Each structure stands twice: as structure tokens, then as C-alpha cells.
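Note on naming: letters A, B, ... go to the chains in the order of the sequence lines (proteins, then strands), and numbering restarts at 1 for each one. As a basis for the values below, the full set of heavy atoms in this structure was taken, side chains included, without hydrogen atoms, waters or symmetry mates. Small disclaimer: the values here were computed from a predicted structure and weren't measured.
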Amino acid sequence: MNHWFWFSASDFAFSFLSVLFEGIPFILIGVLLSGLVDVFLPPRLLARVLPRNPVAGILIGGLLGAVLPMCECGIVVVIRRLIRKGLPLSNAVAYMLAAPVVNPVVAVSTYAAFRGQGPMEIMFWRMGLAFGVAVIVSAIVLALGRAFVLRPDLQTADAHDHGNEHRSAADKAAAAVRSSVGDFLDVTVYFLLGAAVATLFNTSVNQQLVLPLAEDRGMAVASMMVLAGILSLCSTSDAFVAATFTAFPAAAKLAFLVFGPMMDLKLLFIYSLVFRKRFVVALAVGLFVLVWLACTQLPIANFRG
Amino acid sequence: MSHRLLTLLTLLLWGLLLSKFWLSGRIDSYLHPHFHPMVAMAGVLLILLAGLWWWASGRPDGSSHDCGCHYDHEHGPQPRSALSAGTILAFVVLLVPVTAATIVSPGQFGEAAVMNRGIVTDISQLPTFAPPNSGPEDAPPLGADEEIPDVANWPEDKEEGVEYFTRSPDGAIQLETIDLLFAASEPALREEFANQRVTLVGQYVPPRSDDGNFDLVRMIMVCCAADARPLGVKITAPAPTGVDSTGWVRVTGIARFEENGGVFEPRIEGATVEQVEAPRETILY
């Protein structure tokens with residue numbers, strides 16, 4: 001088959017619905033958590049409990065997924081709320097980028113998927129690379145500042161409690177519901193747009209065309225990252241798909257596993273809820289370059305056993 | 001129509017949609033069973049959230065106070081009442097595509113998706129495949145109530161190999177395409193299944209050349225239909241008449257295994273083909 005594009009509306013609809021059904025429950029968990037954070041987390045509490053040293057804050061943000069695991073669909077709305085509540089931006093970005101990978105669920109699924117292909121090595125490389133990339137990007141975000149990175153409506157953290165201390169329990173519950181529903185509508189619109197674009201590529205583009213790229217390490221890494229961006233898989237399951245690309249070197253599969261949960265077509269849209277468009281573009285390019293450099297320059301062997 | 005009502009309708013539509021797919025079993029073709037409870041939970045939560053939204057959006061905010069702040073913001077998220085063009089567009093995005101997709105979706109993939117993903121004929125290309133020669137360290141951990149089987153004293157009446165499978169009334173071994181692909185990867189299983197009469201159900205993919213073969217495929221997913229891959233077996237038989245591309249057929253014939261570039265691939269020879277109803281689970285897990 002030499003075609004590169006073959007569209008079918010029924011295939012699109014089928015795959016599109018499956019992506020929605022898989023993602024919506026996680027988004028729902030994210031927005032419910034976000035609503036509770038909005039109403040019940042006192043402002044400035046985060047500032048009090050987090051370390052004042054920004055580097056320490058970034059490192060903690062990068063490891064937070066180990067105790068507060070979130071997938072990439074649900075985490076954006078949570079960090080939007082946490083930023084409003086005063087979480088330093090660089091800490092939030094470290095958590096956002098690392099948590100979908102650096103968490104126990106993904107560690108187990110990666111290990112299971114790569115049985116026979118060096119599961120322990122792949123798992124540790126994946127966690128380590130994701131953490132490292134998240135820390136580097138967060139340090140750059142720290143230097144860039146909020147004005148370049150955040151949407152204008154998020155650039156000022158809430159300085160006070162929006163009257164929560166004056167509210168009754170019922171009023172607080174109502175406010176949490178309104179906040180959760182508002183977030184659900186916001187993030188679902190972006191999720192739908194991203195899922196539609198990803199599904200179009202996923203069902204209509206001939207995926208066999210990437211296979212000849214496996215022979216050159218640089219091209220293999222780049223093509224697997226592009227594929228991860230297009231497929232927009234959930235980080236809890238993407239390892240099972242990556243493991244099947246047996247023709248590709250381990251470095252390319254790692255690039256797929258590190259880049260995909262940080263940047264894909266649906267995330268391009270969802271990130272626009274929090275970040276300026278120019279930053280989203282810069283983030284996409286920066287992550288691509290960083291992950292490509294890491295996976296082509298580091299001594300990543302083809303693991304076995 | 002107000003923002004409040006449109007929000008209510010959106011939450012209800014999504015909640016009812018998820019619940020209906022779960023209750024009707026239609027979700028089976030879309031997601032791995034691990035995710036089914038999540039869908040059921042999300043459906044119920046969204047319906048509950050719709051009720052809570054109607055209650056919450058009708059209440060006063062309850063946060064009126066003189067905080068003296070200088071920020072230009074709302075005190076607590078309030079339901080927006082005016083419907084701007086952007087808001088209307090957002091609701092169109094929230095309501096129309098999912099409704100249209102629900103109507104259009106046939107619950108299975110067609111030829112375009114099968115060809116774009118490429119038919120898998122080598123089991124090692126399959127997600128979750130573990131090599132047959134994996135060591136004991138790769139075996140899944142035993143449950144608390146499980147014991148290590150005594151292979152040395154394996155009872156003769158225990159089923160294994162071809163005897164593990166049920167047979168059709170005419171004696172053919174009932175298999176899935178994945179079973180034949182797995183058998184092809186193992187010398188002992190190849191020997192056992194070769195020249196056996198087998199019967200498989202799958203989707204018919206029309207011939208792509210004049211070699212007298214067509215493909216019988218069955219999709220298999222890891223998480224959801226979006227990651228499903230078509231597993232194919234070559235069928236040597238005339239193309240069935242009156243069967244649409246990716247329509248469901250039962251194929252019965254003799255299993256053979258042929259080496260192709262170092263990989264053994266299964267093929268069914270002398271096959272008879274009959275059209276059948278689509279199975280409940282159009283995609284295997």
C-alpha cells in the first residue's frame with residue numbers, strides 16, 4: 001500500500017469516541033480535584049509549605065507525581081488552579097511535565113510492556129529522562145518569567161480567599177461545583193479539538209510510512225517523537241504501543257515514551273488553557289529538541305532480557 | 001437559551017452518553033475492560049454534577065464582603081448569563097461532534113483504518129507480546145492462593161496445545177487469528193497446528209493482488225480502539241461474493257505455516273467462507 005492518506009468518516013468517529021471515553025473520566029477527576037482546591041485550599045498555604053529555594057521547588061515539583069499521580073489530560077486543569085492559588089510557575093511546570101511519567105502506575109505499565117526488552121532499564125531511563133527534561137524546562141520557565149509564559153488572566157495569583165472564609169459550608173460546596181463545571185467545560189472543549197486532530201492523523205495517515213526511518217538513529221528518534229505527538233496516547237498505556245516497534249532502537253522508543261506524555265496534538269490545545277500561544281509553540285519545539293538530544297547523545301543501549 | 005441551561009444540557013448529554021454506552025455493552029468495542037468502571041463512574045458523576053450544577057448555579061455566591069482588594073476579578077466563579085459568540089461556539093464543540101460521532105460510529109473499523117495501521121502478520125509486532133522463550137523472571141507473579149504447577153507430573157488428561165481449544169460441530173478447531181499467529185512463532189505449536197482443520201471468525205479484507213489470497217483480520221487493542229492493530233491471516237480461497245470489505249465472515253480450512261523473511265506466517269488453504277453476524281466484541285483485548 002503506497003497511499004499516505006485515506007479518510008473514512010466511520011473510522012474517524014469510532015476512534016474519536018474511544019479517545020473521548022478513555023480521557024473524559026480522567027478529566028473529570030482532574031476538574032473535581034481542581035474545584036476542591038479552588039474553594040478549600042487556603043491561598044498562600046502553598047507558598048508557606050513549599051521551599052523558598054526555586055531549584056528545590058522545581059525538584060519537588062518534578063517528583064510530586066510519585067505521590068500525586070495524574071495523567072496528562074487531567075493535570076493541566078489542576079496546575080491552572082494551583083498557579084492561581086500561588087504555586088510558583090516553575091514548580092507547576094515541573095509537576096505538569098513530569099507527573100504523567102514519573103508516577104508508580106506508569107512505572108509498572110512500562111515494566112510490563114517491555115518484558116524481554118530490558119524492562120528495568122527502560123523504566124528507569126524513562127523516569128530519569130522525563131524528570132531531567134521537566135527540571136531543565138522548568139528552570140528555563142523560571143528564567144523566562146510569568147509574563148512570557150502565562151495567559152494574561154493567570155499572571156496574578158489570587159491574593160486573598162475570594163471570601164471563602166465568609167461562606168457557609170453549602171456556599172462553599174456550591175462554589176466548588178461551579179468551579180469544577182467551569183473547568184470541565186473549558187478543558188473538554190480543548191480536549192475535543194485535540195482529540196479530533198489526533199484521530200484524523202491516527203486513522204487516516206498510513207503509519208507504515210515511518211518504518212523505513214528506523215535505520216538511522218537520529219531519524220528513528222525524531223520519527224518516533226512525531227508519531228507519539230500524533231497518536232496522543234495516554235501515558236499509562238503508551239508503553240505497550242512503543243514496545244511493538246521492535247525495528248526501532250531503544251533510544252527511539254524512549255523518545256516516544258518521554259516526549260508523548262509531555263507534548264502531543266491534544267495537549268497543544270489543552271496547554272492553551274494555561275499558557276500563551278507563543279509559549280506553547282516554544283515548549284513544543286524546546287521539548288522536541290531536548291528529548292531528541294537526550295535520546296541521540298546519551299549511551300542508551302538496545303536492552304534485552 | 002441561557003448559559004445555565006446549556007451547561008446543564010451538556011453535562012446531562014455527556015453523562016447519559018457514557019452511561020448508555022456502558023449499560024448497553026457498546027463500550028466493549030471501544031475500551032479495554034479495565035476502563036469500563038471508569039466510564040460508568042464518569043457517567044454517573046456527570047449526571048450528578050448536572051443536578052448539582054442546577055442547584056449551585058441558582059444560589060447566590062455567598063462571598064459578598066469588603067475585602068478591599070485591588071484586583072479586577074469575580075469573587076468566586078459565577079455562572080455566566082450572557083451568551084457570546086465564543087460561548088456558543090464552545091457549546092457547539094461540546095455537543096455536536098460527540099453526538100454526530102455517536103450516530104456515525106459503526107462500532108468497528110473499516111478498510112481505511114486497517115490499511116493505514118498495517119496488517120500485523122508477525123506476533124512479535126503485537127503490543128503486550130512476550131517472547132515464548134522468556135525466562136522465569138518474566139512470568140507474572142503468582143497470586144496468594146496460587147501454587148507453582150508441577151510440570152514434571154502433568155496429568156495426561158490436562159488439555160494443552162490443540163486440545164486446549166473447542167471444536168466446531170464438524171470437528172474444526174475454533175481459533176482466533178491471534179492464536180494462529182502465536183502458534184506460528186513457536187516451533188512446537190507450529191508442528192501441532194500445521195495441517196489441522198481450523199475455523200476462524202474475522203473481518204474480510206479484499207485481495208490486494210492476484211495471488212489468490214485475501215486477508216482475514218481481527219483487531220486487538222491495548223487500551224482503546226485508537227491503539228487497535230489488525231492481526232491478519234492469509235486465506236487462500238476465492239473472494240467471497242456479497243460480502244462488503246471488513247464485513248464479518250467465518251473461514252474454515254487447513255492451517256499452514258510459511259517462512260517469509262525469517263518469520264513464520266500462518267495461511268489457511270482450501271477455505272470455505274461464510275458470512276456471519278459481527279461478534280459482540282468487535283475488537284479483542
Specify whether B:His36 and B:Tyr285 have parallel, tilted or perpendicular ring planes, treating 30° as the upper limit for parallel and 60° as the lower limit for perpendicular.
perpendicular
Heavy-atom pairs under 4.5 Å with chain A: which of [options] has the most?
{"options": "B:Ala90, B:Gly118, B:Ala42, B:Ser105", "result": "B:Ser105"}
{"options": "B:His32, B:Met41, B:Arg117, B:Met38", "result": "B:Arg117"}
{"options": "B:Ala100, B:Gly43, B:Ser29, B:Ala50", "result": "B:Ser29"}
{"options": "B:Leu46, B:Ile27, B:Leu17, B:Val39", "result": "B:Leu46"}

For B:Glu111 and B:Ser245, does a side-chain donor sit closer than 3.5 Å to a side-chain acceptor?
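Yes.
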Quiz question: by atom type and distance under 3.5 Å, do the side chains of A:Gln207 and A:Asn202 form a donor-acceptor pair?
yes
Would you say the rings of [Y] and [X] are close, in the sense that their centroids are separated by under 6.0 Å?
{"X": "A:Phe14", "Y": "B:Phe109", "result": "yes"}
{"X": "B:Tyr30", "Y": "B:Phe35", "result": "no"}
{"X": "B:Phe91", "Y": "B:His3", "result": "yes"}

At what distance, to the nearest 0.5 angstrom, does CG of B:Asp122 lie from CG of B:Leu231?
10.5 Å
Does any heavy atom of chain B fall under 4.5 Å from the side chain of [X], the backbone, both, or neither of them?
{"X": "A:Phe191", "result": "neither"}
{"X": "A:Ala198", "result": "neither"}
{"X": "A:Ile29", "result": "side chain"}

Name the member of [options] that forms the most heavy-atom pairs with chain B at distances under 4.5 Å.
{"options": "A:Ser15, A:Ala9, A:Ser8, A:Ser18", "answer": "A:Ser18"}
{"options": "A:Phe5, A:Phe21, A:Phe12, A:Trp4", "answer": "A:Phe21"}
{"options": "A:Asp238, A:Val205, A:Leu231", "answer": "A:Val205"}

Taking A:Asp38 first and then A:Arg80, would you say they form a salt bridge - that is, a charged N and a carboxylate O separated by under 4.0 Å?
no
Region of [X] that comes under 4.5 Å of a non-hydrogen atom in chain A:
{"X": "B:Ile103", "answer": "neither"}
{"X": "B:Leu11", "answer": "side chain"}
{"X": "B:Leu94", "answer": "both"}
{"X": "B:Leu95", "answer": "neither"}

What are the two closest heavy atoms between A:Ser179 and A:Gly35, and how far apart are they?
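For A:Ser179 and A:Gly35, the tightest heavy-atom pair comes out as OG-CA, 3.9 Å.
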